[in-house]
Amino acid sequence: MKSYNHRQIEGRWQKVWAQKKLNCVNDRSRKKKFYALVEFPYPSGEGVHVGHVRGYTAMDVVARKRRAEGYEVLYPMGWDAFGLPTENYALKTGLPPQLITKRNTTRYRKQLQSLGFSFDWSREINTTDPNYYRFTQWLFLQFFKRGLAYKAKVPINWCPKDKIGLANEEVIDGKCERCGTVVEMRDKEQWMLAITKYADRLDRELDLVDYPESIKTQQRNWIGRSEGVEIGFKIINPTPPPLPEGEGEFGYQTTDPKTWLVLQEKVKEMRQSPTRAEDLLWQAVRNNLSGCHFRRQHIIGKFIVDFVCLEKKLVVEVDGDIHDFQKESDQERTNFLEQKGFKVIRFKNEKVIGNGVLVVAEINEALEALSFGEGWGGVDSIKVFTTRPETIFGATFIARHGKTDRFTGEYAINPANQEKLPIWEAEYVMGDVGTGVIMGVPAHDERDLAFAKKHNLSLVDKPLVDKDEIIKLVGGKKVTTYKLRDWVFSRQRYWGEPIPLIYCQKCNEWWSVPDKDLPVELPKIKKYQPTDNGESPLASVGSWVKAKCPKCGGPARRETDTMPNWAGSSWYYIAYLMSEKIKTKNLKFSTFNLKHWLPVDWYNGGTEHTTLHLLYSRFWHKVLNDLKLVPGKEPYQKRTSHGFILAQNGEKMSKSRGNVVNPDDIVRRFGADTLRVYEMFMGPFDQAISWNEDGLIGSRRFLERVWKLVQSAKRKTCLTVGQAKNFESPLLNQTIKKVGDDIEQMKFNTAISSLMILLNSLEKESAVSIATMKVFLKLLSPFAPHLTDELWHELGEKKSIHLAPWSRELKTQNSKIKVRIVIQINGKVRDILEVENDLSEKELTGLAMNQPKVKIWINGKSIQKTIFIPNRLINFVVDNN
RNA sequence: GCCCGAGUGGCGGAAUUGGUAUACGCGCACGACUUAAAAUCGUGUCCCGUCAGGGAUGUGGGUUCGACUCCCACCUCGGGCACCA
């Protein structure tokens with residue numbers, strides 16, 4: 001071959017490597033293991049991004065170096081294929097997501113293979129493969145069985161026009177991405193994972209791993225551990241709050257008068273025809289609890305309660321059978337009443353009829369408990385969270401979370417000095433931080449100050465005191481709080497893992513789908529549109545939803561929510577180790593491989609995943625570790641991140657901007673090796689950088705010059721002479737060291753620049769030995785695997801360059817090396833001397849003093865001090881008069 | 001507002017962690033080869049100055065024999081969190 005032609009080289013070597021199974025890993029190898037991991041891509045319709053190439057090349061370089069160092073290296077690849085874009089594409093086109101995914105992964109695989117990455121493709125995984133998500137579901141059930149998965153009401157983004165719940169990323173400026181309608185918040189019952197139970201460990205155990213400080217900081221900020229003190233403040237109420245308008249002294253007005261009138265009609269009707277149980281209970285409370293005035297069928301808010309004692313704020317409800325079917329609305333009603341400060345107790349009809357005495361006793365008990373409260377609200381104290389308890393003497397008000405700023409009419413007593421502090425509701429106080437209540441110290445805290453000034457509250461003039469002392473004085477309790485919230489694990493979508501639970505009405509209970517029935521497979525459907533009450537599209541597949549209760553065998557229904565796409569990626573590093581098990585449908589975890597390969601030794605990925613994905617998968621790993629399913633507390637020993645690649649103009653690459661660089665195009669025109677070398681050379685690996693096609697040309701030229709140099713080395717006859725000469729070259733040794741060190745630190749740009757320096761120098765030699773050329777090729781091989789293997793064979797080698805050991809620094813025969821010594825006078829460079837290495841200060845001073853330039857500068861002045869750095873510098877400090 | 005990170009030629013960026021600032025690459029200029037162009041190769045390329053020398057690493061101070069590197073204050077840009085008590 002006359003000139004470097006990447007098209008003839010690259011495909012051919014890729015085939016050879018695949019045939020010889022160069023990258024297939026032996027789980028039972030005696031060699032030291034090395035698990036190299038990169039984030040598996042989401043196979044979108046856009047194809048591989050040059051940003052993927054950056055991260056994958058980097059780990060490929062590391063993996064190839066480790067293999068050459070004698071490690072058994074696992075470097076796997078797969079597809080994180082569940083997610084919204086595919087579902088949206090399915091909605092638009094009507095094509096099944098399964099088909100879209102298949103197309104996209106086929107394309108991605110081809111693209112990645114064309115780049116010559118040393119992935120072990122025999123372990124390829126796909127999160128949307130039912131065999132894969134059988135495990136994801138099974139793992140979820142382990143969480144569920146340990147009480148780490150629970151249902152809770154959570155506000156979701158709701159588009160009232162499209163009638164669907166939206167993911168956060170589908171809400172742009174508070175509006176629906178598709179139709180532009182303003183998004184509302186709606187409460188919806190969702191499955192949650194109790195990640196906050198692991199908050200402390202997720203924070204503390206960061207000490208065990210080798211992540212850059214910036215990533216640890218980001219994770220810690222996200223977890224938001226904060227140590228503070230909870231202090232109880234007694235509430236007093238010298239004057240009742242202003243009476244709400246309405247029915248009477250203790251009335252509570254409904255939201256609008258019309259509703260109230262309608263309710264009033266209903267009340268009359270209900271009073272006229274009470275149920276038997278209601279009637280019995282009414283007699284009982286009137287006769288036996290005469291100390292307390294009860295009312296029947298009373299309107300509070302938009303609800304009609306059965307019995308109420310307004311003075312003590314006690315509500316008694318009598319439930320008929322119908323209540324079994326309206327648990328949710330009953331709960332809503334209870335929540336509302338409790339918010340208003342009422343205590344609610346419920347009795348079943350049968351109980352009232354069967355044992356009225358017991359019911360009355362229970363009501364009495366509740367009343368007595370309430371009478372201890374001094375308050376209007378039935379609450380006698382309020383808990384305040386603070387990280388600065390020592391400022392308590394400065395507190396002038398108390399603020400709890402509210403939608404508008406207003407005085408509640410209540411007062412609290414400062415436990416430190418018994419001062420009376422007004423209780424306010426304030427917008428700036430957040431309901432879910434600490435206890436949702438703060439003490440206002442309008443001096444040290446600027447928001448407290450601003451709030452106090454605005455509402456004319458008094459400002460601080462009290463001294464501060466010692467911290468621990470004050471906690472004792474006021475009876476405070478040290479508590480640790482976290483910013484981290486539990487993980488909303490439900491999605492009302494089709495394209496995700498179905499949550500494998502069944503609800504039985506009769507048992508009134510959620511049950512796990514039995515292991516033998518896993519996976520709960522996604523049914524094939526025609527419409528991917530969510531239902532208009534916000535349920536997943538799965539909810540409309542009647543035959544799929546209908547199930548048998550695993551406990552009682554009665555009729556039951558499946559959960560129709562699916563998991564978020566973080567689920568499959570939370571354990572994929574484990575899945576690679578069990579890819580055989582996944583294929584054979586064996587539900588058991590294969591612990592041998594896990595013990596052998598975990599933890600991941602080096603995990604590289606994008607900076608955008610340093611909080612959520614990393615945190616979630618660390619959480620899963622810890623839970624699985626507690627269940628003895630995986631070894632070790634942490635999944636990833638070392639984490640690095642690569643910077644974004646931006647478009648040439650510095651903008652984000654996107655289809656809509658039309659500035660996407662297609663790797664296929666680069667591979668065709670310049671070759672995979674050029675692309676790889678360029679991406680490693682373009683700039684510091686961890687920083688964002690703009691694409692620049694001019695830079696690509698430099699990398700291509702570099703490879704062409706390597707090609708030419710090998711051709712000329714082959715032609716020259718005086719090989720033996722050249723061999724001796726170049727093997728002693730200090731530059732060659734320097735380069736071996738530099739490339740090796742730089743790869744370890746991911747300073748790929750300088751690794752390549754040092755190879756360029758060596759090449760420049762070799763080109764100037766009259767002859768370069770084959771042996772030197774081989775060292776050079778080996779150092780370059782992780783970056784440009786195709787070209788180097790080709791040239792390696794041209795130099796007479798029979799086996800692949802990728803099987804050859806990593807180059808070591810060579811012991812030089814001649815220890816006398818020339819070094820350049822800088823001569824300074826008062827810190828300024830005045831001359832440079834080229835001398836033998838390891839000269840002493842005395843020898844060097846003698847030499848330097850004889851230099852004409854030095855003589856001129858010293859010129860009779862006395863030397864005050866000499867600074868000597870061996871093999872580098874000598875500095876004379878002279879009097880400057 | 002808080003927490004990370006970064007400011008060096010026309011451009012991407014080096015600098016052994018306090019010791020020759022501008023390596024390497026791109027671009028540009030000139031030269032060689034060519035009928036010519038491309039490609040390739042060679043030489044040059046921070047600023048002022050003919051030289052000697054002087055000045056430059058966002059700005060202003062400081063420490064040091066010596067500062068891109070350490071300290072203080074400020075400015076600009078990128079990323080993350082955002083009323084976090």
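So you know, we letter chains A, B, ... as the sequences are listed, proteins then strands, and number each from 1.
- For the pair A:Asn826 CG and B:rU64 C1', the computed distance is 13 Å after rounding to whole Å.
- In this structure, A:Gln864 places its CD atom 13 Å from P of B:rG66, rounding to the nearest Å.
- Note: A:Glu744 CD to A:Met746 CE = 9.5 Å, rounded to the nearest 0.5 Å.
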side-chain hydrogen bond (donor to acceptor under 3.5 Å, both in side chains) evaluation trace for A:Gln218 with A:Thr610: CA-CA 8 Å; A:Gln218 243 185 78; A:Thr610 49; 3.1 Å; yes
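- One can place CG of A:Leu759 at 14 Å from P of B:rU40, the figure rounded to the nearest angstrom.
- Regarding the sugar-base torsion, B:rU17 falls in the syn class, its angle being within 90° of 0.
- Taking the side chain of A:Met756 as heavy atoms from C-beta on, and the options B:rC3, B:rC65, B:rC24, the nearest nucleotide is B:rC24.
- Nearer to the 5' terminus of RNA chain B, by closest-nucleotide assignment, is the contact made by A:Ile752 (compared with the other of A:Thr607 and A:Ile752).
- Between A:Phe876 and A:Ile874 the shortest side-chain heavy-atom distance falls below 4.5 Å.
- For RNA chain B, the residues of residues 693-700 of chain A within the heavy-atom distance limit of 4.0 Å (strictly under) are A:Asp694, A:Gly698, sorted by number.
- Considering only side-chain atoms of A:Val877, the nucleotide from B:rC65, B:rG54, B:rA85 that sits closest is B:rC65.
- Nucleotides B:rG12 and B:rU16 are separated by 22 Å at their C1' atoms, to the nearest Å.
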Check residues 683-697 of chain A and write down every donor-acceptor pair under 3.5 Å in which the side-chain atom is one partner and the other belongs to a residue at least two apart or another chain.
unit_1: A:Asn692; atom_1: OD1; unit_2: A:Gln648; atom_2: NE2; d: 3.3
unit_1: A:Asn692; atom_1: OD1; unit_2: A:Asp694; atom_2: N; d: 3.1
unit_1: A:Glu693; atom_1: OE2; unit_2: A:Arg669; atom_2: NH2; d: 2.5

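- Using N1 to N3 plus N6-O4 or O6-N4 for Watson-Crick, or N1-O2 and O6-N3 for G-U wobble, each under 3.5 Å, B:rU17 pairs with nothing.
- Annotation: B:rC28 and B:rU64 have their P atoms spaced 48 Å apart (nearest Å).
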CA sep, side-chain torsions, deciding dist, call: A:Glu704, A:Lys708, salt bridge (charged side-chain N to carboxylate O under 4.0 Å, His left out): CA-CA 6 Å; A:Glu704 281 174 4; A:Lys708 277 188 204 158; 5.7 Å; no
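- As rounded to whole Å, 11 Å separates atom P of B:rC24 from atom CG of A:Leu731.
- Mapped onto RNA chain B by nearest heavy atom, A:Ser214 and A:Thr435 fall at different nucleotides, with A:Ser214 at the one closer to the 5' end.
- Residues meeting the side-chain hydrogen bond (donor to acceptor under 3.5 Å, both in side chains) test with A:Lys737, sequence neighbours left out: A:Asp741.
- The shortest distance between the side-chain N/O atoms of A:Arg701 and the OP1/OP2 oxygens of B:rC26 is below 4.0 Å.
- The separation of B:rG55 from B:rA21, taken at their P atoms, amounts to 12 Å, rounded to a whole angstrom.
- Here A:Lys764 lies out of heavy-atom contact (under 4.0 Å) with every strand.
- Salt-bridge formation is not detected for the pair A:Glu227/A:Lys478: no Lys NZ or Arg NE/NH1/NH2 atom is positioned less than 4.0 Å from an Asp or Glu carboxylate oxygen.
- Taking the six-membered ring for Trp and thresholds of 30 and 60 degrees, A:His455 and A:Trp424 have ring planes inclined between 30 and 60 degrees apart.
- An OP1 or OP2 oxygen of B:rG54 is reached within less than 4.0 angstrom by a side-chain nitrogen or oxygen of A:Arg830.
- When rounded to the nearest whole Å, the span between CZ of A:Phe748 and P of B:rG25 equals 20 Å.
- Rounded to whole Å, the C1' atom of B:rA39 lies 14 Å from the corresponding atom of B:rA32.
- A salt bridge links A:Glu425 and A:Arg400; the closest N-O separation between the charged side-chain nitrogens and carboxylate oxygens is under 4.0 Å.
- If you check B:rA36 for Watson-Crick or wobble pairing at under 3.5 angstrom, you find it has no partner at all.
- The P atoms of B:rC2 and B:rA73 are separated by 13 Å, rounded to the nearest whole Å.
- To the nearest angstrom, P of B:rG66 lies 10 Å from NZ of A:Lys828.
- For the C1' atoms, the distance linking B:rC74 with B:rG19 amounts to 29 Å, nearest Å.
- One P atom belongs to B:rC70, the other to B:rU17, and the distance between them is 14 Å to the nearest Å.
- Counting heavy atoms from C-beta on, the side chains of A:Arg808 and A:Asn733 never come closer than 4.5 Å.
- Nearest to the side-chain atoms of A:Ile757 among the listed nucleotides B:rC24, B:rA85, B:rC81 stands B:rC24.
- Closest to the side chain of A:Trp857, from the set B:rU40, B:rC3, B:rG54, is B:rG54.
- Between A:Asn760 atom CG and B:rU40 atom P there is a gap of 14 Å when expressed in whole angstrom units.
- Residues satisfying the salt bridge (charged side-chain N to carboxylate O under 4.0 Å, His left out) test with A:Asp486, not counting sequence neighbours, are none.
- Checking B:rA85 for Watson-Crick or G-U wobble geometry (two distances, each under 3.5 Å) identifies no partner in any strand.
- Distance noted for atom P between B:rU43 and B:rG25: 12 Å (whole Å).
- By the 4.0 Å N-to-carboxylate-O rule, A:Glu410 lies too far from A:Lys234 to be salt-bridged with it.
- Across all strands shown, nothing is found opposite B:rA23 as a Watson-Crick or G-U wobble partner with both distances under 3.5 Å.
- Across the strands present, B:rU43 finds its partner in B:rA29; the criterion is a Watson-Crick or G-U wobble pair with both atom distances under 3.5 angstrom.
- Following rounding to the nearest Å, A:Arg705 (CZ) and B:rC24 (P) show an atom-to-atom distance of 11 Å.
- Salt bridge present: A:Asp203 and A:Arg220 bring a charged side-chain N and a carboxylate O closer than 4.0 Å.
- Within the 4.0 angstrom heavy-atom criterion, no nucleotide atom of any strand lies near A:Arg220.
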Under 4.0 Å protein heavy-atom contacts per nucleotide of nucleotides 12-20 of chain B, with B for base, S for backbone only and - for none: BSSSB--BB
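- Shown here, B:rG10 is classed anti by the O4'-C1'-N9-C4 or O4'-C1'-N1-C2 angle, which is more than 90° from 0.
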side-chain hydrogen bond (donor to acceptor under 3.5 Å, both in side chains) assessment of A:His642 paired with A:Asn604: CA-CA 7 Å; A:His642 58 263; A:Asn604 183 73; 3.0 Å; yes
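- Counting any heavy atom pair closer than 4.0 Å across all strands shown, A:Val384 reaches no nucleic acid atom.
- Of the inter-residue distances, the one linking A:Ile823 atom CD1 with A:Leu833 atom CG reads 3.5 Å to the nearest 0.5 angstrom.
- With a 3.5 Å ceiling on both atom-pair distances, the Watson-Crick or G-U wobble partner of B:rC77 is B:rG5.
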Nucleotide-resolved protein contact map, nucleotides 44-50 of chain B, B/S/- at heavy-atom distance under 4.0 Å: -------
